[in-house]
Amino acid sequence: MNALANIKTITKRELAAYFASPLAYVFIVIFLLLCGFFTFMVGTNLGAFFEHGQASLDTFFIWHPWFYLFLVPAVGMRLWAEERRVGTMELLLTMPITSWQAIVGKFLASWLFLALALALTFPLVITVNVLGHPDNGVIFCGYLGSWLMAGAYLAVSCITSAMTRAQVVSFIISVVLCLFLILAGFAPVIQFLSGWASPSVVQAVAACSVITHFDNFQKGVLDSRDVVFFLSLIVFSLFTTAVILRGHRAG
Amino acid sequence: MIQVVGLTKWFGAKRAVDGISFSVARGEVLGFLGPNGAGKSTTMRMITGFIPPSSGRVKVGGFDVVEQPIQAKRLMGYLPENAPAYTDMTVHGFLNFAAEIRGLRGAARPRAVQRAVEMCFLESVLHQSIETLSKGYRHRTCFAQSIIHDPEVLVMDEPTDGLDPNQKHEVRGLIRRMGEKKAIIFSTHILEEVDAACTRAIIIDRGRIVANGTPTELRQKSEGAGAVTLRVKGVGSAEVSARLRQVSQVKRVAVLEEKNGSVSLRAFPASNANGELARAIGEAARGWQIEQLQTEEGRLDEVFRSLTMPDTGKKSET
C-alpha cells in the first residue's frame with residue numbers, strides 16, 4: 001500500500017519531468033514521423049503498406065525493433081545519469097523510500113511515456129479498418145508485443161544510465177546492448193552461426209533475441225513464453241540497476 | 001536522537017572516516033567543522049543513509065539507519081551539499097513532491113508546503129521553475145524541502161554555502177530557533193557560525209574527531225585563551241615585560257605594540273595560573289597608569305588551525 005503510493009508519487013514526478021522538457025515532444029513527433037514514413041513509403045522487398053495488399057499492420061510493426069534501438073535509449077538515458085549528475089539522487093535515496101521503489105517508479109514513468117507514444121499511432125489502426133477488414137486481435141497483440149519490447153529496451157537503458165553520469169555514454173552503450181538483443185535473432189546472423197555452431201547453440205542465441213519473440217506477437221500469437229521473456233528481461237535489468245546503484249553508494 | 005558509534009568508511013584503500021563516535025540530543029545544534037576533505041560530508045551521508053558505513057552504527061531516534069532505514073529516514077530531514085533540486089520543476093511542484101513522498105496526505109500537504117514556504121521566504125518564486133532561480137533561492141528551496149515534514153532530526157551539509165550575508169543571518173537564526181526542539185547537525189567551515197548557531201561543535205580532521213565541546217570550551221583550547229593583555233602609559237616596554245616575567249603565573253610575555261607613550265603586552269599563563277593571571281598582573285602593575293587589562297577568551301580559528309594543521313598552527317604562535 002505504502003510502497004504503491006511511493007511508486008505512484010515517483011512515477012508522477014518523472015512523467016511530469018518528461019513533459020517539462022522538449023524531449024517528450026521531440027520524441028513523439030520523431031517517432032510518429034518515422035512510423036508513418038517507414039510504414040507507407042519504405043520497403044521494396046519487405047513490402048510497403050499498399051503493395052502488401054493486406055489489411056494488416058505488418059509493415060508497421062516490422063520496423064519497431066529498429067526504431068526502438070535509437071529512440072528508447074534516448075528516453076531512458078536521463079533516468080539515473082541526470083539524477084547522479086545534478087545530485088538529486090542523494091535527495092531521492094534519503095527520502096523514506098526503498099531504492100527499488102525509486103527504480104520501479106522511474107522505469108514505469110518512462111514505460112508509460114512510451115505507451116503514450118505508441119498509442120498516438122492510432123490513426124494507422126483507423127486507416128486499416130477503413131480500407132479493409134483487419135484482424136484487430138492481431139493488431140492488439142502487435143501493440144502489446146511492441147510495448148513489452150520497448151520495456152525490455154528501456155530496462156537495459158536503465159542499467160546503462162545507472163552506470164554513468166554522462167547521458168551520451170549511457171545512450172551509446174545501451175544502443176550497442178540493444179543491438180545485440182536484435183542481432184541475436186537476425187536471420188543473417190543465425191545463418192552465419194549455423195554454419196559452424198551446433199544447433200543447440202544457435203537456438204540458445206536466437207532465444208535471447210527480441211526479434212524471435214516479437215515475431216510471435218506480430219503474427220497474433222500471444223505465447224506466455226514470449227511475455228515471460230520480455231518481463232524477465234525487464235526484471236533482470238532493473239535488478240542489475242539496483243545492484244549498480246548500491247555499488248555506487250557503497251563506494 | 002542521533003547516536004553514532006565507531007563510524008568508519010573506506011573508499012578503496014583510503015579511510016575517509018575513521019571511527020567517529022558522538023551523539024546529539026534533542027535541543028542541541030551540533031556544528032560540524034573541519035577542513036575540506038576531512039570527512040564531514042561522508043559522515044553526514046552515512047547518517048542519512050545515503051551511503052552505507054564500512055563499519056560502525058548510526059541510530060536515529062532509536063532506529064538503526066542500515067537495518068531500519070525507512071523508519072530512520074522518516075524522522076530526518078536532509079539538506080545535501082550544493083542543495084540539489086529537480087530543476088525542471090517549479091518550487092511549489094518540488095515541495096509538493098517532497099511532502100507527498102514524506103507521506104503527507106490530504107489537507108496536511110498544502111499546509112506543510114505553506115509553512116515551509118513561509119519559513120524560507122519563498123512566496124515570491126513559488127511558481128517559478130527551479131532552474132531560473134538564483135543560487136540563494138535554489139538553496140532555500142532545498143532547505144524548505146528538508147523541513148517540510150517538520151522532522152525531529154535535521155542534517156544539513158553547509159546550509160549557508162552560497163548565500164549572501166543577510167540570507168546567512170536568516171538561516172542561522174532559523175537553525176537556532178528550530179534547534180530548541182530538534183536535534184540538528186550542520187557542517188560549515190565558517191567559524192562565526194559556530195557561535196551564531198551551535199550549542200556544541202565537533203572538529204574533525206582526516207576522518208577523526210579532534211575536538212568536541214561547546215564553543216566556549218573549544219575556545220579555551222586555543223593557546224591565546226586565558227592570556228592577559230595589558231596596556232600601560234608612561235613606562236618603557238622593557239621595564240614592563242621584565243616586571244611581568246617575575247610574576248609566577250606568567251609563562252611568557254610578548255610585546256604587541258608601542259606607540260604614543262603607551263605599551264601593549266600580552267602575558268601567557270603558566271600551568272599554575274588557574275584564572276588568577278589578570279589579578280596577579282593587576283597587582284604587579286600597581287603604580288603604573290593602566291589603560292587596559294583584559295583576559296583573552298581565545299579564538300576559534302586559532303583552535304581550528306592548531307588542531308587541523310598541527311605544524312603551521314604552532315608556527316603562527318611564535
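What's counted below: heavy atoms across the whole structure, side chains too, no hydrogens, waters or symmetry copies.
Only the side chain of A/K12 comes within less than 4.5 Å of a heavy atom of chain B; its backbone N, CA, C and O stay farther away. Neither the backbone nor the side chain of B/N82 has a heavy atom closer than 4.5 Å to any heavy atom of chain A. Looking at A/S99, neither its backbone nor its side chain comes within 4.5 Å of chain B, counting heavy atoms on both sides. Residue contact with chain A, scored on non-hydrogen atoms closer than 4.5 Å, is absent for B/Q71. Only the side chain of B/F11 comes within less than 4.5 Å of a heavy atom of chain A; its backbone N, CA, C and O stay farther away. In this structure, no portion of A/S21 lies under 4.5 Å from any heavy atom of chain B. Neither the backbone nor the side chain of A/E82 has a heavy atom closer than 4.5 Å to any heavy atom of chain B.
Considering only heavy-atom pairs separated by less than 4.5 Å from chain A, the leading option among B/F94, B/F97, B/Y86 is B/Y86. The candidate with the highest count of non-hydrogen atom pairs below 4.5 Å against chain B, out of A/E90, A/M95, A/H248, is A/E90. For chain A, the option among B/A16, B/G77, B/A85 with the highest count of heavy-atom pairs below 4.5 Å is B/A85. Contact count versus chain B (heavy atoms, under 4.5 Å) is highest, among A/L91, A/V86, A/L93, A/I10, for A/L91.
Taking the six-membered ring where tryptophan is involved, the planes of A/Y18 and A/F113 are essentially parallel, since the angle between them stays under 30° and well short of 60°.
A side-chain N or O of A/S170 and one of A/T160 form a donor-acceptor pair less than 3.5 Å apart. No side-chain donor-acceptor contact under 3.5 Å links B/E158 and B/S187. No side-chain donor-acceptor contact under 3.5 Å links B/Q128 and B/T90. With 3.5 Å as the limit, one finds no donor-acceptor pair spanning the side chains of A/Y153 and A/S174. Under the 3.5 Å distance criterion, with hydrogens and angles disregarded, no donor-acceptor pair is assigned to the side chains of B/Q3 and B/S23. A/H64 and A/S146 are linked by a side-chain donor-acceptor pair at a separation below 3.5 angstrom, with hydrogens and angles left out of the test. B/H149 and B/R74 share no donor-acceptor pair across their side chains, judged by distance under 3.5 Å alone.
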